[in-house]
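Convention: sequence-line order gives letters A, B, ...; per-chain numbering from 1.
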There are 2 protein chains.
Amino acid sequence: MAQRGRRTARVSGDERQDAILVTAEALLGERAFDDVSIEDLAGGAGISRPTFYFYFSSKDEVLLALLDRVITEVEHRVGDLPRDFESDPVGAWTRSIGMFVEVFVSHRGVSTAAIAARARNDEVRALWSKSMQSWVDFSSDVIRAEQARGAAPEGIDAHDLAVSLNLMNERLITAVLNQESPAIAESRALDVLSTIWIRSIYGSINPGRR
Amino acid sequence: MAQRGRRTARVSGDERQDAILVTAEALLGERAFDDVSIEDLAGGAGISRPTFYFYFSSKDEVLLALLDRVITEVEHRVGDLPRDFESDPVGAWTRSIGMFVEVFVSHRGVSTAAIAARARNDEVRALWSKSMQSWVDFSSDVIRAEQARGAAPEGIDAHDLAVSLNLMNERLITAVLNQESPAIAESRALDVLSTIWIRSIYGSINPGRR
DNA sequence: TGAGACAGTCAACACCGTGTCGAAAACGCA
DNA sequence: TGCGTTTTCGACACGGTGTTGACTGTCTCA
C-alpha cells in the first residue's frame with residue numbers, strides 16, 4: 001500500500017506493527033520460531049531492535065497476535081458449519097474434519113509455532129486451548145445429539161470421546177505437516193481420520209439413518 | 001544401545017556422570033527442561049559448569065541419555081507382552097494400551113521434556129520416532145492379523161490406522177499429564193482410549209470371537 | 001508561532017545462559 | 001620420585017533478550 005500525497009518522513013505506527021506481523025508470518029513459513037530472532041523481525045520491518053519493543057513486549061507477543069487472528073477465523077468458520085448430521089453423518093463429519101485440517105494447513109507456520117510455544121507460554125496455551133475447546137464443544141454437542149436420537153451408541157462419554165478425537169486430529173496433522181516418522185501420507189489423512197471418527201462415534205462401519 | 005555422552009574409556013568419572021543424570025531426572029520432575037540450566041545440573045552433581053562439559057556436550061545430550069534408558073525399557077516390555085488377541089481382543093488391547101500409558105506416566109518428566117525437545121533436536125526426534133515406530137509396528141501387525149482372520153474389517157490401511165491411534169495416545173496422555181484443557185480425567189483415559197481403539201479397529205462395539 | 005505533549009527511534013548498556021580454552025590439580029602407575 | 005593421563009575450573013567470548021535515557025519529528029491549541 002503506497003503512501004500518496006505529501007510524503008511524511010515517518011511511516012505510521014500501525015504500518016510498522018503490521019510489518020512486524022507480516023515479517024513474522026513469512027519467517028515462520030521458512031524456519032522454526034526459535035530460529036527467528038527479534039533482530040530478524042525488527043530488520044524485516046525496517047526498524048532497530050529496541051524499536052521492536054515499542055510495538056511488542058516480546059517475541060511471544062507477536063506469535064500471540066498472529067495466533068489470535070487465526071483463532072478468530074476458526075471461530076467464524078465453526079459457526080458457519082452446516083449441521084446436516086442426521087441426513088448424511090459420514091459426509092457431515094468428513095466436512096468438519098476437513099475444515100479442521102484446512103485451518104491447520106493454511107496457517108502451518110503459525111500453528112506449528114504455537115503448538116511448540118504452548119509448552120512455554122501461558123498466554124499461547126490459553127489461546128490455543130480456547131480454540132481447541134470450541135472444536136471439542138462443537139463435536140461433543142453433535143455426538144450427544146447423535147446418541148440422543150439413537151444413531152450412536154452410549155457407553156462412552158461424549159465429551160471424553162470428543163477430546164480424544166480432536167487431540168488425535170491435532171497430533172496427526174502436526175505429524176503430517178512436519179513430515180515426522182511415524183506419520184501417514186498427507187493425501188490419506190482426511191480419509192483415515194474421518195473413518196476413525198465414524199467408527200468410534202457410531203460403533204459401526206456404516207451409521208444407519210435410523 | 002550403549003554409551004552416550006562421555007566417550008573416553010576410563011571408569012572413574014562414572015559416578016559424576018550418573019550424578020548428572022540423577023539430578024536431571026529429579027529436576028525434570030519439578031520444572032520444565034528450559035528452566036533447568038547447565039549450572040543447575042552441574043551444581044546438583046557437585047561440579048562446576050565447565051566440568052559438566054567433560055561429561056556431556058550439551059543439555060540435550062543429557063536428555064538423550066535419559067530418553068535412551070526409557071526407550072530400552074519400553075523395548076523390553078513390548079517384547080514381553082502376551083499376544084492373546086484371538087481369545088480376548090478387548091482385554092489384550094486394553095493391556096497393551098495400559099502399558100503405553102504406564103511407561104509415559106512413570107517417566108513423566110523425561111517423556112514430556114523429550115516430546116518438547118523433539119521439535120528442536122534431531123537426535124531426540126530420531127530416538128523418539130524409533131520408539132513410536134516400535135509401538136506402531138506392534139499395533140499394525142496385530143491389526144493386520146485381525147483383518148486377515150476376519151475379526152476386523154478391511155477398508156482402512158492397518159498402518160495408517162495404527163499411526164493415528166498411537167499418536168492419539170501420545171497426545172491424550174500428554175494432555176492429561178500436563179493437565180491441559182481440553183483434557184480428560186486421568187482415571188478415565190485408559191477406558192476411553194481402548195474403547196476408541198476397539199471401535200475403530202473392529203468397526204463394532206463388541207468384537208466377536210469369530 | 002511557539003510551547004508542550006506525545007509518538008517514534010535507537011545507541012549503549014546490563015544481563016543471562018551457553019560453550020571454549022588453557023592452565024593446574026589429582027590420580028594412577030612404574 | 002617422576003610421568004602421563006584424567007579431571008577440574010577460572011576466565012573469557014559470544015549471542016540473544018530486555019531496559020534506559022536522550023533525541024527527533026509531528027500535531028495541537030493558546
Side-chain angles (χ1 to χ4, degrees), chain A residues 1 3-24 27-28 30-65 113 116-117 119-124, chain B residues 3-24 27-28 30-66 113 116-117 119-124:
Chain A
M1 205 71 61
Q3 183 84 17
R4 65 202 63 185
R6 192 168 52 89
R7 276 189 69 208
T8 39
R10 272 166 204 240
V11 187
S12 89
D14 274 4
E15 277 174 54
R16 242 78 221 249
Q17 167 134 348
D18 217 63
I20 293 173
L21 291 171
V22 168
T23 303
L27 292 182
L28 285 179
E30 48 190 62
R31 44 190 213 260
F33 188 72
D34 287 350
D35 297 334
V36 176
S37 70
I38 290 178
E39 186 91 49
D40 294 334
L41 298 180
I47 52 176
S48 71
R49 200 173 54 78
T51 301
F52 166 91
Y53 288 96
F54 182 79
Y55 295 102
F56 294 96
S57 64
S58 69
K59 217 168 64 173
D60 283 357
E61 204 73 16
V62 175
L63 180 57
L64 202 62
R120 182 184 73 241
N121 183 294
D122 287 347
E123 292 173 289
V124 171
Chain B
Q3 203 62 6
R4 284 186 194 273
R6 191 174 60 108
R7 59 272 294 167
T8 38
R10 276 303 180 197
V11 202
S12 181
D14 265 6
E15 271 174 52
R16 266 354 202 333
Q17 166 134 348
D18 218 60
I20 293 173
L21 291 171
V22 168
T23 303
L27 292 181
L28 286 180
E30 46 189 64
R31 43 192 150 100
F33 187 72
D34 287 349
D35 297 334
V36 176
S37 69
I38 289 177
E39 186 90 52
D40 294 334
L41 298 180
I47 53 178
S48 70
R49 199 172 55 78
T51 302
F52 166 91
Y53 288 96
F54 182 79
Y55 295 101
F56 294 96
S57 63
S58 69
K59 218 168 64 174
D60 282 357
E61 204 73 16
V62 176
L63 180 58
L64 203 63
L66 248 22
R120 183 184 71 240
N121 184 295
D122 288 347
E123 292 173 289
V124 171

A.B. asks: Kindly compute the distance separating OG (B:Ser48) from OH (B:Tyr53), expressed to the nearest 0.5 Å.
C.D. replies: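 That separation rounds to 11.0 Å.
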A.B. asks: What integer distance in Å separates B:Gln17:CD from D:dT7:P?
C.D. replies: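 Between P of D:dT7 and CD of B:Gln17: 10 Å.
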A.B. asks: Below 4.0 angstrom from OP1 or OP2 of C:dC10, is there any side-chain N or O of A:Thr51?
C.D. replies: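 Yes.
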A.B. asks: Without decimals, in angstroms, what is the distance between B:Glu61 CD and C:dG19 P?
C.D. replies: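 In whole Å, C:dG19 P and B:Glu61 CD are 11 Å from each other.
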A.B. asks: Side chains of B:Ile47 and B:Ile20, heavy atoms from C-beta outward: is any pair under 4.5 Å?
C.D. replies: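 B:Ile47 reaches B:Ile20 side chain to side chain.
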A.B. asks: Side-chain N or O of B:Tyr55 versus OP1/OP2 of D:dT8: is the shortest distance under 4.0 Å?
C.D. replies: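 For D:dT8, OP1 or OP2 has a side-chain N or O of B:Tyr55 closer than 4.0 Å.
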A.B. asks: Got a list of side-chain donor-acceptor pairs under 3.5 Å for residues 32-43 of chain B, not counting sequence neighbours?
C.D. replies:
residue : atom : partner : partner atom : Å
B:Ser37 : OG   : B:Glu39 : N            : 3.4
B:Ser37 : OG   : B:Asp40 : N            : 3.1
B:Ser37 : OG   : B:Asp40 : OD2          : 3.3
B:Asp40 : OD2  : B:Arg31 : NH1          : 3.1
B:Asp40 : OD2  : B:Ser37 : N            : 3.0

A.B. asks: Taking atom C1' of C:dG17 as reference, at what distance in whole Å does atom CG of B:Asp40 sit?
C.D. replies: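 These atoms are roughly 11 Å apart.
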A.B. asks: How would nucleotides 12-18 of chain D be written as a contact map, 5' to 3', with B for base contact, S for sugar-phosphate-only contact and - for no contact, using protein heavy atoms under 4.0 Å?
C.D. replies: -----BB
A.B. asks: Are the side chains of A:Phe56 and A:Leu21 in touch, meaning some heavy atoms are under 4.5 Å apart?
C.D. replies: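 They are in side-chain contact.
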A.B. asks: Which heavy atom in A:Thr23 sits nearest to a heavy atom in A:Ala45, and how many Å separate them?
C.D. replies: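 Looks like OG1-N, 3.8 Å.
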A.B. asks: What is the separation between atom CG on B:Asp14 and atom C1' on D:dT6, rounded to the nearest whole Å?
C.D. replies: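 Atom-to-atom, B:Asp14 to D:dT6, this comes out as 13 Å.
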A.B. asks: Send over the distance from B:Phe56 CZ to C:dG17 P, rounded to a whole Å.
C.D. replies: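 It is 21 Å, rounded to the nearest whole Å.
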A.B. asks: Can you tell me the distance, in whole Å, between the CG atom of A:Asp34 and the P atom of C:dT18?
C.D. replies: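 Going from CG in A:Asp34 over to P in C:dT18 covers 14 Å.
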A.B. asks: Report the distance from atom CZ of A:Arg16 to atom C1' of C:dT9, rounded to the nearest whole Å.
C.D. replies: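 My rounded result for the distance is 9 Å.
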A.B. asks: Walk me through it: do B:Arg120 and B:Asp60 pass the test side-chain contact (heavy atoms from CB on, under 4.5 Å)?
C.D. replies: CA-CA 10 Å; B:Arg120 183 184 71 240; B:Asp60 282 357; 2.8 Å; yes
A.B. asks: Let me know the distance between CG of B:Asp35 and C1' of C:dG17, rounded to the nearest Å.
C.D. replies: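 That distance rounds to 12 Å.
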